[in-house]
Amino acid sequence: MSLTESSAVDIAKTASVASRRLATLADVERNEALTVLHHALSTNKAAILEANKRDVEAATRDAETGNLSHSVLKRLDLSRPGKYDDMLQGILSVRDLKDPIGNVTMRTLLDDGLTLEKVSCPIGVLLIIFEARPEVIANIAALAIKSGNAAILKGGKESTESFVAISKVISEALSRTKVPEASVQLVKTRDVVSSLLAQDSLIDLVIPRGSNDLVRFVKENTKIPVLGHADGLCSAYLHQDADPEVAVKVIVDAKTDYPAACNSLETLLVHYDIIETVFRDVAKALMEKGVHLRCDPTAKAALEGLPNAAAMVQEATEADYATEFLDLVLAVKTIRPASSESSAVEAAISHINSHSSKHTDLVVTTSRSVAETFMNGVDSAGVFWNASTRFADGMRYGFGTEVGISTNKIHSRGPVGLDGLTIYKYLLRGDGHRASDYSGGVRTWKHQSLPL
């Protein structure tokens, strides 16, 4: 990794050259680089955490004056229990995954001596723009190296000390491997971002990780394809047959395990038949964890008399159902069938599809048919049954780590790991074959599928 203040064109050109070299390295060479990288970050943990501490202290002052959100502050802190170790483990997990490059997914005999293959290959050059989250540097470096892509990273000013410290460690580590140092470049200056977004002939994919404003800015200011999501507006639907114990466990975890995460729960939809029963149990457990509830009139009335309800329950506005709180706040809505011909689960699906950011949504029900209807009907990257939305994560999916969550409808969706950082090419092997022979009737196609 190089820490650079070069021009955008020079940065992109250097990355492009490095990507071509990286794509030709053997899997064992890329894996060796990840082993060295893991060891270096482990050895320098104390120094990196000390740099991160300076970032957190500065960010805390900004949060206290209202110049920085508390959710960003939480994402910034590498000293949170297990966070640094998870970052290190992610590198090893990525290293140990199957090589994503060179996998043949289709082989066709077009004619005797003429064989077509569809083979996975790197995308090329990735531009990753992120806020807070200094662990992103290590995550992306690992994924980029393993998948044969070059990466250009630009972090937010709130994590400057952290990413400078991490970048120096990574740069020194890569210098001792066959991976070109320019395969991973960290950009310091903020004003170079707009110029990088203009390098559509050299940069192949942009991945923004951060606020809605950041993602929208990127999408509106580049011709380069963008992979990412603007919001993490996750919803849960409690069906009328929801198991009370499962409902409490799943909903409380989805909301309170890490409220600042994009996969935390923001809206709870409740079937009207259980608003006085299961919902009260769930609401009580949520409030005991410090969650403030913004309820429609029916749900609010059902909570009267519960401990702390007077202080922690208020009436919801329509805007609450389209808000990513990233805090201990949850919007609640009672669900009824829209008509005599429709069902409550259809009403829940309709609400989610019209309000959702297409990230991750869940249903709590004991009915397989209701669950299948919900999972087939909700148009999101992840749709879960009786499981917390917090499982929407590359590490938890077994991807090692991730570059982010995609809500796109093309190429890659959900947590983006190695597979999401590869594309494919068609390789055709012949022996003097001519296309004109087939249009002239000299030869005929065979189009036979061959074993992979």
Side-chain angles (χ1 to χ4, degrees), residues 8-9 11-13 15-16 19 72 75 100 120-133 135-137 139-141 143-144 147-157 159 163 183-187 189-234 261-263 324 326 356-360 379-382 392-394 397 399 401-424:
V9 174
I11 293 168
K13 284 183 177 178
S16 183
S19 72
V72 171
R75 292 171 176 174
S120 62
C121 63
I123 291 174
V125 179
L126 315 174
L127 171 59
I128 299 93
I129 305 171
F130 59 95
E131 296 172 332
R133 295 189 185 280
E135 73 275 14
V136 166
I137 303 171
N139 295 344
I140 301 254
L143 287 167
S147 61
N149 292 289
I152 302 168
L153 292 86
K154 175 65 180 78
K157 63 180 181 180
S159 57
F163 69 60
S183 296
V184 185
Q185 299 182 68
L186 189 65
V187 178
T189 53
R190 184 176 183 178
D191 54 6
V192 79
V193 172
S194 294
S195 298
L196 284 170
L197 291 174
Q199 305 305 316
D200 54 292
S201 64
L202 295 168
I203 297 173
D204 300 289
L205 183 67
V206 183
I207 305 173
R209 293 191 63 173
S211 67
N212 302 346
D213 290 342
L214 170 66
V215 177
R216 292 193 178 99
F217 172 83
V218 170
K219 288 185 174 182
E220 292 169 2
N221 288 276
T222 189
K223 295 179 181 178
I224 305 169
V226 178
L227 186 153
H229 68 281
D231 301 287
L233 189 58
C234 303
C262 63
N263 59 11
E324 184 183 20
L326 297 174
S356 172
S357 62
K358 304 186 186 304
H359 190 295
T360 306
D379 182 22
S380 293
D393 175 84
Y397 277 13
F399 298 168
T401 185
E402 66 184 41
V403 296
I405 303 283
S406 171
T407 54
N408 292 359
K409 292 284 190 77
I410 57 173
H411 178 58
S412 187
R413 208 174 186 203
V416 180
L418 287 178
D419 287 345
L421 296 181
T422 60
I423 191 65
Y424 53 84

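This chain uses plain numbering: 1 for the first residue, then up along the sequence.
No side-chain donor-acceptor contact under 3.5 Å links S16 to the backbone of K13. Not a single donor-acceptor pair under 3.5 Å links the side chain of D200 to the backbone N or O of I224. In this structure a side-chain-to-backbone donor-acceptor pair under 3.5 Å is missing from N139 to T401. Not a single donor-acceptor pair under 3.5 Å links the side chain of N408 to the backbone N or O of R413. In this structure, S356 contributes its side chain and K358 its backbone to a donor-acceptor pair below 3.5 Å.
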With side chain to side chain contact (heavy atoms under 4.5 Å, CB included) as the test, would you mind laying out the steps for H359 and L233 before giving the verdict?
-> CA-CA 7 Å; H359 190 295; L233 189 58; over 6 Å; no
How far apart are the C-alpha atoms of V416 and I207, what are their side-chain angles, what is the distance that settles it, and do they pass the side chain to side chain contact (heavy atoms under 4.5 Å, CB included) test?
-> CA-CA 10 Å; V416 180; I207 305 173; 5.8 Å; no
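Residues S357 and E324 are not in side-chain contact: their nearest non-hydrogen atoms beyond the backbone lie 4.5 Å or more apart. Side-chain contact between D393 and P415: absent, with no pair of heavy atoms (C-beta onward) separated by less than 4.5 Å. Looking at L197 and I129, their side chains come closer than 4.5 Å, going by heavy atoms from C-beta outward.
Residues V125 and S19 share a closest heavy-atom pair of CG2-OG, 3.9 Å. Here the closest heavy-atom approach between residue N263 and residue A392 is recorded as ND2-O, 3.0 Å. For A144 against A151, the heavy-atom pair with the smallest separation is CB-CB, 4.0 Å. Taking all atoms of both residues into account, the shortest heavy-atom contact from A150 to A15 is CB-O, 3.3 Å.
A 6.0 Å sphere centred on OH of Y397 holds more than 12 heavy atoms belonging to other residues, nucleotides or ligands.
The distance from the OG atom of S412 to the CG atom of D419 is 8.0 Å, given to the nearest 0.5 Å. Taken to the nearest 0.5 Å, the CG atom of L326 stands 5.5 Å off from the CZ atom of R75. Atom OG of S147 and atom CD1 of I423 lie 12.5 Å apart (nearest 0.5 Å).
Checked options I128, L126, I203; the residue passing with I152 is I203 (criterion: side chain to side chain contact (heavy atoms under 4.5 Å, CB included)). Of the options L227, I140, L143, a side chain to side chain contact (heavy atoms under 4.5 Å, CB included) to L421 is made by L143 and by none of the others. Exactly one of V136, I405, L214 qualifies for a side chain to side chain contact (heavy atoms under 4.5 Å, CB included) with R209. That residue is V136.
K154 meets the side chain to side chain donor-acceptor pair (under 3.5 Å) test with no other residue; sequence neighbours excluded. Scanning for ring-ring contact (aromatic ring centres under 6.0 Å, His included) contacts around F217 gives an empty result, with sequence neighbours left out.
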